[in-house]
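Inspection log for the structure reproduced underneath, given as structure tokens.
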Amino acid sequence: MGKENEHVRYTLKRLFMLLAVLALVATACGSDSEDTTTTEAPITIRWWHIQNSDPGLTTWQNVADEFMAAHPNVTIEITVQENEAFKSTLQTNLQAGDPPDLFQSWGGGGLAEQVDAGFVQDITEASASWIDNLSAAGNSLFNIDGVQYGAPFNLGAVGFFYNTALFEEAGIAAPPATWEELLTDVQLLKDAGITPISVAAGDKWPAMFWWAYLAVRIAGADGVAQAVADGSWDAEPFVKAGEELKRLIDMDPFQPGFLAAPWDGAEGSASTMNGRDTAMVLMGQWAPGTIRSNSADGTGIDDVIGWFPFPVVEGGAGVATDVFGGGDGFVVGINAPPETVDFLGYISSLDVANRLGESGGTLPVVKGSEGSVTDPQMVAVVEYLAAGTYMQLYLDQVTPPAVGAAINDAVQELFAGVSTPEQVAGKIAAAARGE
Amino acid sequence: MTSVRVAARTRRTPGQRRWPMIIGFLAPALLIYLLFVIYPIAQGIRYSGYDWNGLKPLTDWVGFENFRKIFADSSFIGAMKHNAVILVLSLALQIPFALGLAVLLNQRLRGRAFMRMMFFAPYVVSEVVTAVVWRQLMRPSGFLDHVMSGVGAEGLTQEWLANPRIVLYSVFFVVTWKYFGFHMILLLAGLQQIPAELREAAAIDGATFRQTFRHVTLPLLGPTLRISVFLSIIGSLQLFDLVWVMTGGGPINASNTMATYMIDWGFRRLQIGYASAVSVIVFGISLVVALAYQRWVLRRDVKGALTTMGA
Amino acid sequence: MTAQTRSKPKVVTTGGYDEISSRMTRVLLYLIAFAVLAMIIIPVAFAVLGGFRSMGQLSENPVSLPNPWVFTNYADVLTLGTFWKQFSNSALIAFLTTIFVLPAASLAAFVLSRYSFRGRESIYTLFTFGLLFPVTVAIVPLFVVIRQINLLDNPLGVALPQAAFALPLSIVIMRPFFRSIPAELEEAAAIDGCGPFRFYRSIMLPLSRPVLSTIAVIAIVTSWNSFLLPLVVLSDSTGWTLPIGVTNFSTQYTTDTARVLAFTTLSMVPALLFYLVAERQIVSGLSAGAVKG
């Protein structure tokens, strides 16, 4: 009898023990990556980014350190390179079949080629829990045919940065809202002895911005998307864009040596703004920073700088809320361990986004982080982005590199006056069709 | 005076004993050369028959299509012309200039060692710095323009790097600036190997400097000079680094060379097959030039101190 | 050949130099040298002085002296550990490249210039291929080879290919020089029981010091400034060389030109110093002893 009780108690004990062990195992193995205490095999994540100076450099290091602290079995190996060096090294590594686990990407056509070649991972499912916290426009850059391959951390737009004092001097009351008004203002500036526009046609892509925005305004979002898809860059609206641009170019509104001017550097377009004799520059959101660093006292033209969006072209199919710009993000390499996506999720968290915004180097994309941006010009850009209805990625990135280069080349020829708008459109179309 | 005896080219014995020595001497060079140079080049040539963006597998064979497209592209033809211009200018201006300076530095001038070092300095400066500095000096209202205004030549100032018509010549100027030192030390070494006695003897016989130079120095400098010319020709055909960092081949392809064209298509536009085809063309042109040069010009340098050892 | 000494040579010669006696010509020569010097010193001074300015200064006032003098660029570069690490990496790779190229090239050039054997010209032509083919397109297959023999992130992975690519130029330059050493020397040596290798080592090499030094200088300077190959081979930043290090002063949007100038001026110094040292070898000339008949 006693023995029977003992037996039951023994069995119960065993049952309890079993349950206890099960419970322990459940907590240990069932937890998600945010608070793991397992003793899993060590994982290495190779992370390649291009923020090779502060504030980005330190911020990313901190982010990596924090993630490693929370995940003791994960080691993040960071390789930081300068932009152009990164492109070369990535290229050779990809060609040797050895992609990094997490690396810088600008999305669009370049990413599409990497997808085609099978170097990046589909993270649609793995990122589903947090991807919608990010701006849809930003996410779309890293989404090819419905599949998500990465996440953005920075999104910007191209607009006009201008010297308000010079505008006043020329008698311009308010920034132009239409293209015709812009042309009028350019004439007013010229009459006042001020160089209207600074453009870095030597680097080609800043010149491309002009043509691209006109294309977006005249052909509309659908028109451009169509051309990207089937190469119909010689359609009527694009020729018209070239013609409108030619009207501006014929007014001779640019700074001396614009055809060879780079964006950055002492002879560059940014530096020209510091001379305070040139009124405006059409550029991405990093412009004030570059202008500052090219100035002797480091403040650039912050005392008089202003921002206005690209004007509307009357009669064009595009609207004022079509945004032209691009961003930065990270994509996941094909051989990357699953923890990489978790890390990407951490990078995409609100807290990190706020830090990025505060540091001033980035316009973060996580919803709710807009407030972290304080610079008034940046706020203007962020608001423009927030109100945007459509995002057009830089033309030399949304298309494959070969087409992008053709666009840049052709537009430079327009600026140099050696090609007509028809020829420009034709050359781009020819390159897009692979001729 | 005795002359250098030309070794008889008779083969007295089959010379089989020589082969191990010859192979032994050649082995270290050939080994690393085949592995790191020939094999990659062969692979590179292989790519030229494909339409390849460097990422997807090597599957799109297109045969000679790349070559056809290259010759149909006006910017490539333009690039070829630019190379030709640089080549002619280098031979006409750069080599004589370097030679003159080498002779100069061979004199007993004061501060000669300092001058030698300074003349060689541009070669040591990296391309990036050269480009940064000269872009600065040549910018609108930059140093060069200031100097010209200073000497009253204001009307002659140009947009040195922005004017498509003259950018190539501006680039040539900087190329000369950078590389004349290289040719100079080459020619200097050649001058140094000419025994002093020959020139002493000529001087004692009453020759003027010019006569000595023409009849003694120049002929004996011949082999070195011909090498210098050869390298200058090849260098002009392959010109890349300086142009790339100074102008990127622009504006509007006005300073493009075949090599910048190739890199633009290969690394920027990711058309590696196409770029490989360009490199095959550049290689082909260089090869034809090199072989012709070797046959007609360097030929007589072949005769010479051929050893009779084991011949 | 013999040089009979006569009394009172008209021209004073010392150690193998000609003397241009006319004074006017000498003055003219000094002027020309001075002009060339100016054209060199000004850009180089620009680079050196540029490091003492800030980027903003450079942008706004390209032509003036530093005002104020900014010492932080040079100071930061010198005290920053990375500069010295990159410096030693560059030095190591340059050194390795040279000690591989000099023996390999001179041995090859020796037999290619003085011995006739079947296939000689073909092998010589094979070596010239390396001069003729644009290297940058071969970078991808080259990268794959280096990876396959496991020399990535290894100084040898840079030095060996660099030496291989330096071979064509070295051999092309050396061949005429080696050839110009008369056959009689070798025959005389043979009579004394000296085989080809002994001859090469004990007579040929010492006589060829000018050209060997020239090759060494070219190899070192080329290696010192080379960028693409080290960039793709050395991904670990502790192995980086100076040219890669300079890219750190550029970002996606802007370049700190003043820093770049300070950095590159400092990196230029060792190469120039090396040239200064080697230059004695290059111009010391042959003591004509061995060559006299």
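Because the structure is predicted, anything quoted here is derived from the model rather than measured. Proteins come first, then strands; the chains are lettered A, B, ... in the order of their sequence lines, and each starts at number 1.
- For chain C, no part of Leu220(B) is nearby; none of its heavy atoms comes within less than 4.5 Å.
- Here the shortest heavy-atom pairing between Phe127(C) and Ala29(B) reads CZ-CB, 3.9 Å.
- Only the side chain of Ile38(B) comes within contact range of chain C, with heavy atoms under 4.5 Å apart.
- Residue Ile263(B) touches chain C through its side chain alone, counting heavy-atom pairs closer than 4.5 Å.
- For Leu31(B), no part sits under 4.5 Å from any heavy atom of chain C, backbone or side chain.
- Here the shortest heavy-atom pairing between Ala33(C) and Phe119(B) reads O-CZ, 4.0 Å.
- Between chain C and the residues Gln43(B), Arg46(B), Met262(B), the largest count of heavy-atom pairs under 4.5 Å involves Met262(B).
- Side chain of Gln238(B) to main chain of Leu132(C): a donor-acceptor pair is present (N/O by atom type, distance under 3.5 Å, no hydrogens or angles).
- Within the 4.5 angstrom heavy-atom criterion, only side-chain atoms of Leu137(B), from C-beta onward, approach chain C.
- Under the rule for a side-chain hydrogen bond (donor to acceptor under 3.5 Å, both in side chains), the partners of Ser228(B) that lie at least two apart in sequence or sit in another chain are His183(B).
- For a residue to count as touching a neighbouring chain, one of its non-hydrogen atoms must lie under 4.5 Å from one of that chain's; by this rule Val129(B) touches chain C with the side chain only.
- Residue contact with chain C, scored on non-hydrogen atoms closer than 4.5 Å, is absent for Ala259(B).
- Contact of the Glu127(B) side chain with the Phe227(C) side chain is not registered, since no non-hydrogen atoms from C-beta on lie closer than 4.5 Å.
- Here the shortest heavy-atom pairing between Ile173(C) and Leu186(B) reads CD1-CD1, 3.7 Å.
- Between Ile227(B) and Val172(C), the shortest heavy-atom contact is CD1-O, 3.4 Å.
- Judged by distance alone, the side chain of Trp177(B) and the main-chain N or O of Met39(C) form a donor-acceptor pair under 3.5 Å.
- For the side chain to side chain contact (heavy atoms under 4.5 Å, CB included) test with Val133(B), the passing option among Thr264(C), Leu261(C), Ile42(C) is Leu261(C); the others fail.
- In this structure, the portion of Leu167(C) lying under 4.5 Å from any heavy atom of chain B is its side chain and not its backbone.
- When each of Tyr123(B), Tyr39(B), Phe97(B) is checked for heavy-atom pairs under 4.5 Å with chain C, Tyr123(B) comes out on top.
- The side-chain hydrogen bond (donor to acceptor under 3.5 Å, both in side chains) check on Asp145(B) picks up Trp160(B), with sequence neighbours excluded.
- Closest of all the heavy-atom pairs between Pro40(B) and Pro141(C) is O-CG, 3.5 Å.
- Of the atoms belonging to Phe182(B), it is side-chain heavy atoms, and not backbone ones, that fall under 4.5 Å from chain C.
- The two atoms that bring Ala164(C) and Phe36(B) nearest to each other are CB-CB, 3.8 Å, heavy atoms only.
- You'll find the ring centres of Phe25(B) and Tyr200(C) inside the 6.0 Å limit.
- Tyr33(B) places a side-chain N or O within 3.5 Å of a backbone atom of Leu126(C) that can act as its donor or acceptor partner.
- Contact of Leu30(B) with chain C is made through backbone and side chain together, with heavy-atom distances under 4.5 Å.
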